[in-house]
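Order of listing sets the numbers, starting from 1, for every ligand and every atom in it. Remember, it's a predicted structure, so these values are computed and weren't measured experimentally.
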Amino acid sequence: MVADEETTRGGGRRFARPVKVAALATHVPPRVMTNADLEKLVDTTDEWIRQRTGIVERHVVDPGVGTSDLIVPAAKEAIARAGLTPDDIGVIVVGTTTPDTVFPSTACLVQHKIGASKAWGFDLGAACSGFTYALTTATELVATGAHGHALAVGADVMSSILDYQDRTTCVLFGDGAGAVVVSAAADGEPAIIDYCHEVDGSGGPALRLPAGGSLRPASHETVDQRMHYVHQDGQAVFKFAVRKTEEICRRMLARNAIEADQLDLFVSHQANKRIIMSAAERIGLDPAKVVINIERYGNTTGATIPLALGDALADGRLKQGDLVLLASVGAGFTVGSILLRWAF
Ligand code: UT7
């Protein structure tokens, strides 16, 4: 289950060469859906949503807009901010649960739309750990020397798989995209230090989209039974997320010989403000170092971490050289954590 025990305690991961996050950009669709809007659709209240989740509003796409449409502006901007052109990108890794279509992959659509003529790429399914898994994969593809620059993306149009008759799920999610350029770093430059991922497939039933895959292809029956929407056992996911976020962060800190108070910023997947704050408290993190922006976007699945990094950069909380810990827990269950020095 744990794929990374070769890492040396106290030394972090030994990459073949240093790799950094060279640039970041995000994009959300302009349309905002508030808690008051949801009060008109299901039996819920603004007060319940705020208290139980921290969410105030979320962005949702208009009909006809797919995940690749959200990625393209973020990808173009990230590449420009890195001082590159799309032709400099060697590989595109898209973490998404809501690809535009089963195939072609969203990475192929993005490659064409941004004109990354020399890139190959693929989608990666890790639900809410989509960004951490994509960033790790891109990092290793650059670290091996296979590519000078990679694009790692976390993006989802969750509104496309939400049942707006189910108050237990439809209030939780939103749409968004984030892209980072991952590049080889010079020795001594702030770089990615370590990563740690896990899967616990026994948690699959707790959060899933029951139909539309090979096991239960779309049929009148699956549509009638509302099986093409998110189904979740919220409390099971909540408990696992708090426990695992703490566990993976403690492991990451211990094997890099870092105390919690040495971190400058903790950027967790944004599924629920209570999950993030409970995990941060258990790890012993100063609440001032915890980034929370779920109130503006809801849970955007693959996009939450880049959106949180983007907001922290914009408001000056994230600066060059900062020691940053990323963490994610998602359907699967998938678990991810990345430790890095911020490079710009
Ligand atoms: O990204 C990874 C995936 N997702 C997560 O990490 C989510 C993890 N889970 C959670 O964040 C929380 O479990 C939820 C926010 C989903 C639910 O919060 P909770 O405190 O665990 O509530 P609950 O499921 O125990 O429900 C409490 C009550 C229930 O009513 P009764 O049975 O006590 O009468 C629900 O029916 O709240 C009710 N309820 C609602 N009421 C108003 C559930 N959803 C709503 C709603 N509005 N939207």
Check each atom of ligand 1 against the heavy atoms of Asn272 and keep those under 4.0 Å away; list them by number with element.
10 (C), 11 (O), 12 (C), 15 (C)
Write out the residue and atom name of the closest protein heavy atom to atom 38 (C) of ligand 1, then the distance separating them to 0.1 Å.
Arg167 NH2, 3.6 Å
Let me see the working for Met33 and Tyr164 under side chain to side chain contact (heavy atoms under 4.5 Å, CB included), right down to the final yes or no.
CA-CA 12 Å; Met33 185 183 262; Tyr164 285 100; 4.1 Å; yes
Does Thr53 approach ligand 1 within less than 4.0 angstrom via side chain, backbone, both or neither, non-hydrogen atoms only?
side chain
Does a side-chain N-to-carboxylate-O contact under 4.0 Å join Arg251 and Glu198?
yes
For ligand 1, which is the ligand I care about here, please tell me if Asn299 has any N or O atom under 3.5 Å from one of the ligand's N or O atoms.
yes
Of the protein's non-hydrogen atoms, which lies at the shortest distance from atom 18 (O) of ligand 1, and what is that distance?
Arg274 NH2, 3.6 Å
Intermediate values then yes/no, ring-ring contact (aromatic ring centres under 6.0 Å, His included), Tyr229 and His231
CA-CA 6 Å; Tyr229 297 123; His231 290 241; 7.7 Å; no
Are any of the side-chain heavy atoms of Phe238 and Phe240 separated by less than 4.5 Å?
no
Would atom 4 (N) of ligand 1 count as contacted, meaning some protein heavy atom under 4.0 Å?
yes
salt_bridge(Arg58, Asp175) N-O dist < 4.0 Å:
no
Of all the non-hydrogen atoms in the protein, which one sits nearest to atom 2 (C) of ligand 1, and at what distance?
Cys128 SG, 3.6 Å
Charged N to carboxylate O below 4.0 Å: is that the case for Arg250 and Glu247?
no
For Thr169 and Gln232, work out which heavy atoms get closest and say how close.
CG2-CB, 4.1 Å
Show me which atoms of ligand 1 lie under 4.0 Å from any heavy atom of Thr168.
43 (C), 44 (N)
Which is closest to atom 1 (O) of ligand 1 by heavy-atom distance: Lys273, Glu47, His269?
His269
Would you find a donor on one side and an acceptor on the other, under 3.5 Å apart, between the side chain of Lys289 and the backbone of Asp261?
yes
Atom 29 (C) of ligand 1: any protein heavy atom closer than 4.0 Å:
no
Per-atom contact, atom 33 (O) of ligand 1, protein heavy atoms, under 4.0 angstrom:
no
Can you sort out which atoms of ligand 1 are near Val171, meaning under 4.0 Å from one of its heavy atoms?
48 (N)
How far is atom 39 (N) of ligand 1 from the closest protein heavy atom, and which atom is that?
Trp48 CZ2, 3.4 Å
Pairwise side-chain contact, Arg226 with Gln165, heavy-atom cut-off 4.5 Å (strictly under):
yes
Starting from atom 7 (C) of ligand 1, locate the nearest protein heavy atom and write down its residue, its atom name and how far away it is, to 0.1 Å.
Gln232 OE1, 3.5 Å
Heavy-atom distance under 4.5 Å between the side chains of Ile71 and Leu109, does that happen here?
no
Is Glu295 paired with Arg50 through a side-chain N to carboxylate O contact shorter than 4.0 Å?
no
Pairwise side-chain contact, Phe173 with Thr300, heavy-atom cut-off 4.5 Å (strictly under)
no
Report the nearest protein non-hydrogen atom to atom 9 (N) of ligand 1: residue, atom name, distance rounded to 0.1 Å.
Gly234 O, 3.0 Å
Students should be able to answer this: which protein heavy-atom is nearest to atom 25 (O) of ligand 1, and at what distance?
Gln235 NE2, 2.4 Å
Consider only side-chain N and O atoms of Glu57 and Tyr297, and report whether a donor and an acceptor are under 3.5 Å apart.
no
Using a heavy-atom cut-off of under 4.0 Å, does the side chain or the backbone of Phe238 touch ligand 1, or both, or neither?
both
Measuring to protein heavy atoms, does anything land under 4.0 Å from atom 11 (O) of ligand 1?
yes
For atom 6 (O) of ligand 1, what is the closest protein heavy atom, and at what distance to 0.1 Å?
Ala271 CB, 3.3 Å
Thinking salt bridges, do Asp69 and Lys113 make one under a 4.0 Å N-O criterion?
yes
Quick note on ligand 1: atoms under 4.0 Å from a heavy atom of Leu207 include exactly 3 (C)
Numbered atoms and elements of ligand 1 in range of Arg52, under 4.0 angstrom, heavy atoms
19 (P), 20 (O), 22 (O), 27 (C)
Is atom 23 (P) of ligand 1 touching the protein, meaning some protein heavy atom lies under 4.0 Å away?
yes
Counting heavy atoms only, which part of Ile275 comes closer than 4.0 Å to ligand 1: side chain, backbone, both or neither?
side chain
